[in-house]
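Quick notes on the structure that follows.
So you know, we letter chains A, B, ... as the sequences are listed, proteins then strands, and number each from 1. Hydrogens, waters and symmetry mates play no part in the numbers below; they use all other heavy atoms, side chains included.
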Protein chains: 2
Amino acid sequence: MLKLSTKGQYGVRAMFEIASGYGRGPITIREISEKQDVSVAYLEQILNKLRKSGMIQSVKGPGGGYVLSREPDRISIGEILRELEGPVAITSCLDPKEGCLRVEGCVTHLLWKSLGEKIEGFLDAMTLDDLLKGNQVIEIKKKEKNRQPGKNRAALTFVR
Amino acid sequence: MLKLSTKGQYGVRAMFEIASGYGRGPITIREISEKQDVSVAYLEQILNKLRKSGMIQSVKGPGGGYVLSREPDRISIGEILRELEGPVAITSCLDPKEGCLRVEGCVTHLLWKSLGEKIEGFLDAMTLDDLLKGNQVIEIKKKEKNRQPGKNRAALTFVR
DNA sequence: ATAATAGCCTAGTAATTCTGTCAAGTATTA
DNA sequence: TAATACTTGACAGAATTACTAGGCTATTAT
């Protein structure tokens, strides 16, 4: 129960990849596709939505790709998921578009509402930076291969 | 995102109805159907699953219906939902049946896992009795019509 | 006994959502 | 101006959801 669609999952993973290159120039869809094992065509759809919401920006032409519009610690998982899948709406009753008309249903209404708020609170508190840090812990454990430091173009170059 | 199917929602509402009659004899599917506005045929499916799990019991024949097998404060919402919709599994990765094979995906894996645990914790802590009490608060506010106390058959009569 | 009541069980199915693919663009830069 | 990369909309197969239909079995009041 309470499954997340692949779109949301892939979206977060794609954002993670973009975030992990933060400050080192754009990342192409192809790269994300290879690293996260999601088709380029599907990623296009997903990144397009995220771009329109303003959290990432695209750079066209050779050498182009995607960059974060903000620092990783200012982009929450909740924001990404809401953009791709709409707000948390355990029941249709709680969808902002509709209202709950069942008076007797108010008890469960409150239940779902408070669960929804708990979930949103969690997701909004978690940022891409948290994911990056979590990853670094794992990388250290795995004795990550030394990352080559060359060619670090400034992030701001790609944000316009 | 993170929708609950109608099956789960109806299941909780049906259980609420059964719980609200706790100690006053069985409630028929027809009654639940009318009060909660869900078709009898669909409720049959739902209650059948719940019955097989042991949290309710059925009484056949005239005067029959459904009764709770335990007190309302010993049946959690989580238990009901798990029975109807399986465990909380934000991603298929976390479904007990499958394992997560993506090493790089571990970061998000942890994210979904801890979200799932939070949700389950919440749902397991919430019982039918909590719903009943929540309802009473509302009823008092609304100056509920006095419930007729007649014909209170003992609950144990129907539990065998 | 037997008719009425109430739950039990198995299928099937229409509608919707999900999970992508495809193809034909447009924009940018080396 | 060729190469690279993003943009957009349509569409299709698979899976899931949300039911309905219809016949069966068990129990009990009379």
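Rounding to whole angstrom units, CD1 of residue B:I46 and P of C:dC8 are separated by 14 Å. Rounded to whole Å, the distance from CD1 on A:I56 to C1' on D:dA5 is 14 Å. In this structure, A:Y66 atom OH and C:dT28 atom P are separated by 14 Å, rounded to whole Å. Distance A:Q57 CD to D:dA5 P: 19 Å, rounded to the nearest Å. One interatomic measurement links the two molecules: CD of B:Q9 to P of D:dA18, which rounds to 8 Å at whole-angstrom precision. Atom NZ in A:K52 sits about 8 Å away from atom P in D:dT7, given to the nearest Å. Distance B:L84 CG to D:dT17 P: 12 Å, rounded to the nearest Å.
In this structure, A:L68 and A:M15 have side chains that are in contact, with non-hydrogen atoms separated by less than 4.5 Å.
Between atom CG of residue A:D73 and atom CG of residue A:L132 there is a gap of 10.0 Å, rounded to the nearest 0.5 Å.
Dashed line: the shortest gap from a side-chain N or O of B:N48 to OP1 or OP2 of C:dC9 is under 4.0 Å. Contact check, B:R51 against C:dA6: no side-chain N or O comes under 4.0 Å of OP1 or OP2.
The heavy-atom pair separating B:V88 from B:G116 by the smallest distance is CG1-CA, 4.0 Å. The minimum heavy-atom distance between B:G11 and B:I46, with the atom names listed, is CA-CG2, 3.7 Å.
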| said: As a quick check of understanding, evaluate side chain to side chain contact (heavy atoms under 4.5 Å, CB included) for B:I119 and A:L115, giving each step before the final call. | reply: CA-CA 7 Å; B:I119 295 174; A:L115 173 59; 4.2 Å; yes

| message | I'd like to compare against my own output: the B/S/- annotation of nucleotides 18-27 of chain C with a strict under-4.0 Å heavy-atom distance to protein. | response | -SBB-----S

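Here B:I29 lies in heavy-atom contact (under 4.0 Å) with sugar-phosphate atoms only. Residue contacts for B:K49: at a heavy-atom cut-off of 4.0 Å it reaches no nucleic acid atom on any strand shown.
Shown here are the salt bridge (charged side-chain N to carboxylate O under 4.0 Å, His left out) partners of A:E117, two or more places apart in sequence or in another chain: there are none.
Where A:G64 and B:E85 meet DNA chain D, the nucleotide closest to each residue was compared, and A:G64 sits on the side nearer the 5' end.
Under 3.5 Å, the side chains of A:Q9 and B:T108 contain no donor-acceptor pair of N or O atoms.
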